[in-house]
Amino acid sequence: MSQANFNANETAAASRVQSAFKQIKTQLARVIVGQDKVIEELLIALFGRGHCMLEGVPGLAKTLMISTLAKTLSLDFSRIQFTPDLMPSDITGTEVIEENRTTGAREFKFLPGPVFANIVLADEINRTPPKTQAAMLEAMQERQVTVGRVRHKLQNPFFVLATQNPIEQEGTYTLPEAQQDRFMFKVFVNYPSFNEEMEIARRTTALNMEEPTAVLSGDEILEIQALVRKVPVADEVIKYTIALVRQTRTTEPGAPKWAQEWLNWGAGPRAVQNLIIAGKGRALLYGRESVSHEDIQQVALPVLRHRIGVGFAAKAEGVNADAVVKKLIETTPTRMSELENDERFKKIFTS
């Protein structure tokens, strides 16, 4: 059975989400050239209350894209440049002693750090030591920071965008799998096409740059985030999603032989949750009130690519995580009758 359908008010709200999506893309296009897929994935993650990891070489306007997105959403934006000497208090804030001029008494006062913003750009997050990464992980997962014995809640909406440079790995600290799993998406920012680069050259070397206008407020984003959770999803779509993920677990029944040879470990339950939530967000952006198999397939790459461990044998054959996910999609039937009658998938559904 699927979840209940939208009522009249929720249907109207879903229509406004699609309209807002088009307006946001229009405003971003005034500053950012191309990168439509990246922008779509950022919005899906934001509306799903998830965080994003962006990977791309320098100079692809990752920072500009994120700061411009914050302007179109009327959100506070903060940028943290992660370095090897960055301390946890540099991002969370610290307590200072302040003297009351009236009474002369001294007391501790908390000064919030840059993590207290709606959109936080964690630039080159893998350049900071594990202690500081752990402080960022608490903010991402618990939406709070702990300073001394006091917990400070972060404001909503709260969205972390972390960047990594894939070509310069000296002096970096690889993010542990547990922290990578907290990111809903890992998004690849690729080089622009020739025509896009022509337009970039024209715009960025001219005298004036256009400024985007706000489309959504913080309260409206919170309403959309609540609406995403209400999008119906049929049981057969959930089963299809689980079948995709469980095939990556090489020690579980039903995992294909090629996956057992290529993968060291598979994705956990958080992958299933994020696939479904992202599928709901994508359905809303495209004006639909239920999740389809296509929605799950379209978000599978950014959800799964950082949650599976590709082994040496696969790398030797030139196989990366994206190739594994694409093969999973190609070899997993979308029709429930085919899934339930296949001997290998029967093992998955009964294990």
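In this chain, numbering begins with 1 at the start of the sequence shown.
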Within a strict 4.5 Å, meaning less than it, do heavy atoms of the N274 and F183 side chains meet?
no

Is the shortest heavy-atom distance from the side chain of E196 to the side chain of Q35 under 4.5 Å?
no

Would a hydrophobic clustering, with Ile, Leu, Val, Met, Phe, Trp and Tyr connected at side-chain separations under 4.5 Å, put V189 with V33?
no

P212 versus T72, closest heavy-atom pair with distance
CB-CG2, 3.8 Å

Would a distance-only check, ignoring hydrogens and angles, find a side-chain to backbone donor-acceptor pair under 3.5 Å from Q27 to T213?
yes

Return the orientation label for the H51 and F159 ring planes: parallel under 30°, perpendicular over 60°, tilted otherwise.
parallel

Looking at side-chain heavy atoms only, is the closest gap between V120 and F158 below 4.5 Å?
yes

Testing the basics here: between I44 and G281, what is the closest heavy-atom pair and its distance to 0.1 Å?
CG1-C, 4.4 Å

Distance col, row Q133:CD vs R127:CZ, nearest 0.5 angstrom, shows 12.0 Å

Check step by step if side-chain contact (heavy atoms from CB on, under 4.5 Å) holds for I91 and V145.
CA-CA 10 Å; I91 62 174; V145 297; over 6 Å; no

Side chain of R79, backbone of A122: donor and acceptor closer than 3.5 Å?
no

Beyond-backbone contact of E236 with H293, side-chain heavy atoms, under 4.5 angstrom
yes

side-chain hydrogen bond (donor to acceptor under 3.5 Å, both in side chains) with Q247: which of E252, R344, K327?
R344

Any Lys/Arg nitrogen of R202 or E199 sitting under 4.0 Å from an Asp/Glu carboxylate oxygen of the other?
yes

Got a donor-acceptor contact below 3.5 angstrom from the D342 side chain to the L339 backbone?
no

Verify the neighbour count for atom NZ of K347: are there more than 12 heavy atoms of other residues, nucleotides or ligands below 6.0 Å?
no

Any ion pair linking E340 and K239 (charged N to carboxylate O, less than 4.0 Å)?
yes

Rounded to the nearest 0.5 Å, what separates atom NZ in K109 from atom CD1 in I97?
14.0 Å

Contact check, side chains of L69 and L43, non-hydrogen atoms, under 4.5 Å
yes

Could you check whether any side-chain heavy atom of I242 comes within less than 4.5 Å of a side-chain heavy atom of F349, counting everything from C-beta outward?
no

Partner residues of R305 under the side chain to side chain donor-acceptor pair (under 3.5 Å) criterion, sequence neighbours left out
D322

Looking only at heavy atoms, what is the nearest atom pair of I39 and G34, with distance?
CD1-O, 4.0 Å

Sole candidate of M53, K186, E41 that passes side-chain contact (heavy atoms from CB on, under 4.5 Å) when paired with P302
E41

For residues V215 and L64: do they belong to one hydrophobic cluster (side chain heavy atoms under 4.5 Å, members Ile, Leu, Val, Met, Phe, Trp, Tyr)?
yes

Got a sec: does the NZ of K346 have more than 12 other heavy atoms crowding it under 6.0 Å?
yes

Dump the intermediate steps for side-chain contact (heavy atoms from CB on, under 4.5 Å) on Q81 and E124, then the final yes or no.
CA-CA 7 Å; Q81 180 62 55; E124 295 190 289; 3.2 Å; yes

Close side-chain approach of T94 and V147, heavy atoms under 4.5 Å:
no

Check the hydrophobic clustering (I, L, V, M, F, W, Y; side-chain heavy atoms under 4.5 Å; chains of links allowed) and say if Y191 and M65 are grouped together.
yes

Donor-acceptor under 3.5 Å (T132 side chain, L86 main chain)
yes

For the residue pair V233 and K280, what are the closest heavy atoms and their distance?
CG1-CE, 3.9 Å

Any idea how F110 and H152 line up, ring-wise: parallel (<30°), tilted (30 to 60°), or perpendicular (>60°)?
parallel

Under 3.5 Å, is there a donor-acceptor pair between the S193 and N195 side chains?
no

Kindly indicate, with the supporting measurements, whether the criterion side-chain contact (heavy atoms from CB on, under 4.5 Å) is fulfilled by L42 and L54.
CA-CA 9 Å; L42 288 178; L54 282 81; 3.9 Å; yes

Show the nearest heavy-atom pair for residues N118 and D76, with the distance to one decimal.
OD1-N, 3.0 Å

When you compare the side chain of K315 with that of V310, does any pair of heavy atoms fall below 4.5 Å?
yes

Common cluster, I277/Y240, ILVMFWY with side-chain heavy-atom separation under 4.5 Å:
yes

Using the rule given for side-chain contact (heavy atoms from CB on, under 4.5 Å), can you reason through K71 versus V31, listing the C-alpha separation, both sets of side-chain angles and the distance that settles it, and then say yes or no?
CA-CA 11 Å; K71 291 177 183 177; V31 180; over 6 Å; no

For the atom pair CG (L328) and OG1 (T248), what is the distance rounded to the nearest 0.5 Å?
7.0 Å

CE/M336 to CZ/F345 distance, rounded to the nearest 0.5 angstrom?
10.5 Å

Before accepting this row, confirm whether a basic side-chain N of the pair K25/E40 lies closer than 4.0 Å to the acidic partner's carboxylate O.
no

Atom pair CG/OG1 of L244 and T332 - distance to nearest 0.5 Å
4.5 Å

Write down the atom of Q225, the atom of P157, and the distance for their closest heavy-atom approach.
NE2-CB, 4.0 Å

When clusters are formed by joining ILVMFWY residues with side-chain heavy atoms under 4.5 Å apart, either directly or through shared neighbours, do M87 and M136 land in the same one?
no

How far does CZ of R270 sit from CZ of R307, to the nearest 0.5 angstrom?
7.0 Å

Is R143 atom CZ crowded by more than 12 heavy atoms from other residues, nucleotides or ligands, each under 6.0 Å away?
yes

